[in-house]
Amino acid sequence: MRDLASVKATLKAQRIELPSWAFGNTGTRFKVFGQPGVPRTPLEKIDDAAQVHRFTGVAPSVAVHIPWDKVGDYADLAKHAADAGVRIGTVNANVFQDDDYRLGSVANPDPRVRSKAVAHLMECVDVMDATGSRDLKLWFADGTNYPGQDDIRLRQDRLAEALAEVYTRLGSGQRMLLEYKLFEPSFYTTDVPDWGTSLTHCLATGPNALVVVDTGHHAPGTNIEFIVAMLLRANRLGGFDFNSRFYADDDLMVGAADPFQLFRIMHEVIRADALKPTGGTAFMLDQCHNIEPKIPAQIRSVMNVQEATAKALLIDADVLVEAQQAGDVLAANGAMMDAYNTDVRPLLAELREETGLDPDPVAAYRRSGYAKKIVAERVGGTPASWGT
Ligand code: LRH
Ligand code: MN
């Protein structure tokens with residue numbers, strides 16, 4: 001049984017990166033709802049992300065998305081983040097919102113479009129050089145909608161060529177993370193639809209090319225913790241996009257739809273000793289708060305990850321392993337369920353107090369008056385959203 005001190009030490013060292021885009025207006029194809037006080041600039045998004053770190057203590061970095069977070073001076077953006085007590089994390093490329101990418105970006109049949117896409121990916125590495133970021137995160141919307149629309153194999157060749165070209169641009173210590181997604185916006189083939197395709201390309205591209213798992217990017221019923229265990233075993237789990245879903249890529253708050261799944265995933269992460277920040281896996285939230293207030297939703301999401309992690313850390317590994325070795329199915333499952341059914345909220349509240357934080361981060365944020373302040377200040381300008 002892990003002693004509480006080591007459980008607390010592990011939780012204290014946990015790091016969860018925040019997505020800048022979660023602080024802007026988001027929605028679905030039906031409607032993007034506006035909310036008062038939403039940031040208008042990447043700097044204001046970082047200010048809001050810094051509030052999440054202020055009250056949770058475990059979210060010191062913000063992932064940016066280019067061009068959603070395009071600025072004139074990225075070194076200045078990094079300085080602004082540092083002044084706010086956080087830093088710029090993963091740089092996400094965006095080759096899915098330009099008319100030229102109708103038939104794809106790096107897998108597009110048109111070489112002119114492919115080189116335009118590669119040029120953007122190279123620009124994102126320039127951003128990493130300026131912000132000191134380690135990871136270039138690539139998610140491609142590329143795919144087809146109808147059988148015969150394009151050659152499945154040729155698209156893979158084009159993708160591989162682009163990855164290899166960008167990989168040569170990476171500097172020392174920089175990594176390329178390739179995210180897969182089963183479908184949407186493509187509805188017949190997606191060029192990187194699953195972990196096998198992403199891993200195949202990463203193995204072919206180089207040791208600093210790693211796979212990103214996003215909770216919402218799988219077919220219903222997929223055993224995601226199995227995929228996590230396999231990628232960690234291969235030392236190729238470069239990133240994990242936390243969110244949850246009831247149906248498709250819903251991007252809801254992590255743990256909201258399936259807290260037991262999150263617990264099972266964190267168990268495999270801990271079993272592989274991959275939780276520590278130096279472990280090589282970037283854990284981040286990738287969510288959209290379409291109807292709920294964004295900053296408290298991000299705080300709640302970080303707390304959901306902490307709760308699932310704490311429960312997984314409380315699994316009595318000795319009992320579990322002994323039962324597994326003995327083939328005692330019920331005892332083994334029981335060891336998992338005993339931990340999962342443990343209320344870890346008092347433990348986390350105590351840990352926050354020990355680290356000088358309010359035991360209830362959401363309540364502390366509400367009392368801070370920050371929400372009222374930004375609504376009063378952020379008048380005029382264009383609220384940030386997926387489009388800008
Ligand atoms: C794609 C995705 C990807 C991001 C985007 C905001 O669905 O998960 O990680 O680029 O959301
Ligand atoms: Mn994602």
Side-chain angles (χ1 to χ4, degrees), residues 19 21-22 25-33 65 67-68 92-114 116-118 120-121 137-163 177-202 211-224 226-227 239-252 254 256-258 261 286-291 385-387:
W21 53 97
N25 286 327
T26 54
T28 69
R29 57 185 164 176
F30 300 105
K31 173 70 176 162
V32 171
F33 294 99
H65 220 295
W68 296 342
N92 288 261
N94 179 336
V95 286
F96 52 86
Q97 284 190 313
D98 186 301
D99 287 339
D100 277 340
Y101 300 142
R102 179 172 60 84
L103 301 178
S105 62
V106 295
N108 193 297
D110 181 343
R112 180 192 63 77
V113 174
R114 297 202 296 273
K116 174 180 177 174
V118 168
H120 171 70
L121 304 183
K137 182 152 159 264
L138 305 177
W139 169 69
F140 298 109
D142 289 44
T144 63
N145 276 0
Y146 298 97
Q149 174 187 328
D150 196 354
D151 184 286
I152 291 174
R153 187 166 172 154
L154 276 182
R155 293 181 71 91
Q156 292 300 313
D157 296 343
R158 298 163 191 157
L159 168 64
E161 195 183 308
L163 294 175
L177 308 185
L178 182 58
E179 183 175 359
Y180 61 86
K181 179 174 179 177
L182 183 64
F183 80 103
E184 190 210 31
S186 301
F187 296 107
Y188 170 53
T189 67
T190 292
D191 294 307
V192 187
D194 55 29
W195 70 283
T197 306
S198 177
L199 182 60
T200 301
H201 279 292
C202 288
V211 181
V212 172
V213 174
D214 183 311
T215 326
H217 289 188
H218 304 85
T222 300
N223 187 321
I224 297 174
F226 176 87
I227 297 170
F240 198 103
D241 278 7
F242 283 124
N243 50 58
S244 70
R245 52 85 171 271
F246 289 103
Y247 303 103
D249 191 17
D250 307 352
D251 281 340
L252 299 173
V254 58
D258 191 344
Q261 178 193 59
D286 181 3
Q287 299 174 174
C288 300
H289 305 297
N290 300 345
I291 59 174
S385 87
W386 285 0

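When reading the values below, keep in mind they use all heavy atoms of this one structure, side chains included, and skip hydrogens, waters and symmetry mates.
Annotation: side chain of Leu252 is in contact with side chain of Phe246 (closest heavy-atom distance under 4.5 Å). Contact annotation: the side chain of Leu121 approaches that of Val106 to within less than 4.5 Å [non-hydrogen atoms, C-beta and beyond]. Contact annotation: the side chain of Gln287 never approaches that of Thr26 to less than 4.5 Å [non-hydrogen atoms, C-beta and beyond]. When side chains are defined from C-beta on, Asp191 counts as touching Gln156, because their heavy atoms get closer than 4.5 Å. Contact annotation: the side chain of Val118 never approaches that of Glu161 to less than 4.5 Å [non-hydrogen atoms, C-beta and beyond]. Looking at His65 and Lys137, their side chains never come closer than 4.5 Å, going by heavy atoms from C-beta outward. A 4.5 Å side-chain heavy-atom check between Asn108 and Arg114 finds at least one atom pair inside the cut-off. Contact annotation: the side chain of Leu163 approaches that of Phe140 to within less than 4.5 Å [non-hydrogen atoms, C-beta and beyond].
A pairwise comparison of heavy atoms in Asn145 and Phe187 identifies OD1-N, 2.9 Å as the closest pair. Here the shortest heavy-atom pairing between Gln261 and Thr222 reads NE2-O, 4.3 Å. Of all heavy-atom pairs spanning Thr215 and Phe242, the tightest one is OG1-CA, 3.8 Å. Of all heavy-atom pairs between Asp286 and Asp241, the closest is OD2-OD2, 3.0 Å. Residues Asp98 and Lys116 approach most closely at OD2-NZ, 2.9 Å, considering heavy atoms. In terms of heavy-atom proximity, Leu103 sits nearest to Pro109 at O-CD, 3.9 Å.
Taken to the nearest 0.5 Å, the CZ atom of Arg155 stands 6.5 Å off from the CD atom of Gln149. Separating the CG atom in Asp251 from the CG atom in Asn290 is a distance of 8.0 Å, to the nearest 0.5 Å. Taking NE2 of His217 as the start and CD of Glu184 as the end, the distance is 8.0 Å to the nearest 0.5 Å. Here the NE2-CG distance, from His201 to Leu159, works out to 4.0 Å after rounding to the nearest 0.5 Å.
Without hydrogens or angle criteria, Asp142 side chain to Ser105 main chain gives a donor-acceptor distance under 3.5 Å. Here the side chain of His289 pairs no donor or acceptor atom with the backbone of Ala22 at under 3.5 angstrom. Here the side chain of Ser186 pairs a donor or acceptor atom with the backbone of Ala141 at under 3.5 angstrom. Side chain of Asn243 to backbone of Gly216: a donor-acceptor contact under 3.5 angstrom is found. For the pair Thr144 (side chain) and Tyr188 (backbone), a donor-acceptor distance under 3.5 Å is absent.
For Leu154, the side-chain contact (heavy atoms from CB on, under 4.5 Å) partners are Asp151, Asp157, Arg158, not counting sequence neighbours.
In the model, Ser244 has no side-chain atom that pairs as donor or acceptor with a side-chain atom of Asp258 under 3.5 Å.
Counting non-hydrogen atoms of neighbouring residues, nucleotides and ligands closer than 6.0 angstrom, the CZ atom of Phe226 reaches no more than 12 such neighbours.
With Lys181 as the fixed residue, the side-chain hydrogen bond (donor to acceptor under 3.5 Å, both in side chains) test singles out one of Asp194, Thr190, Asp249, Asp214: Asp249.
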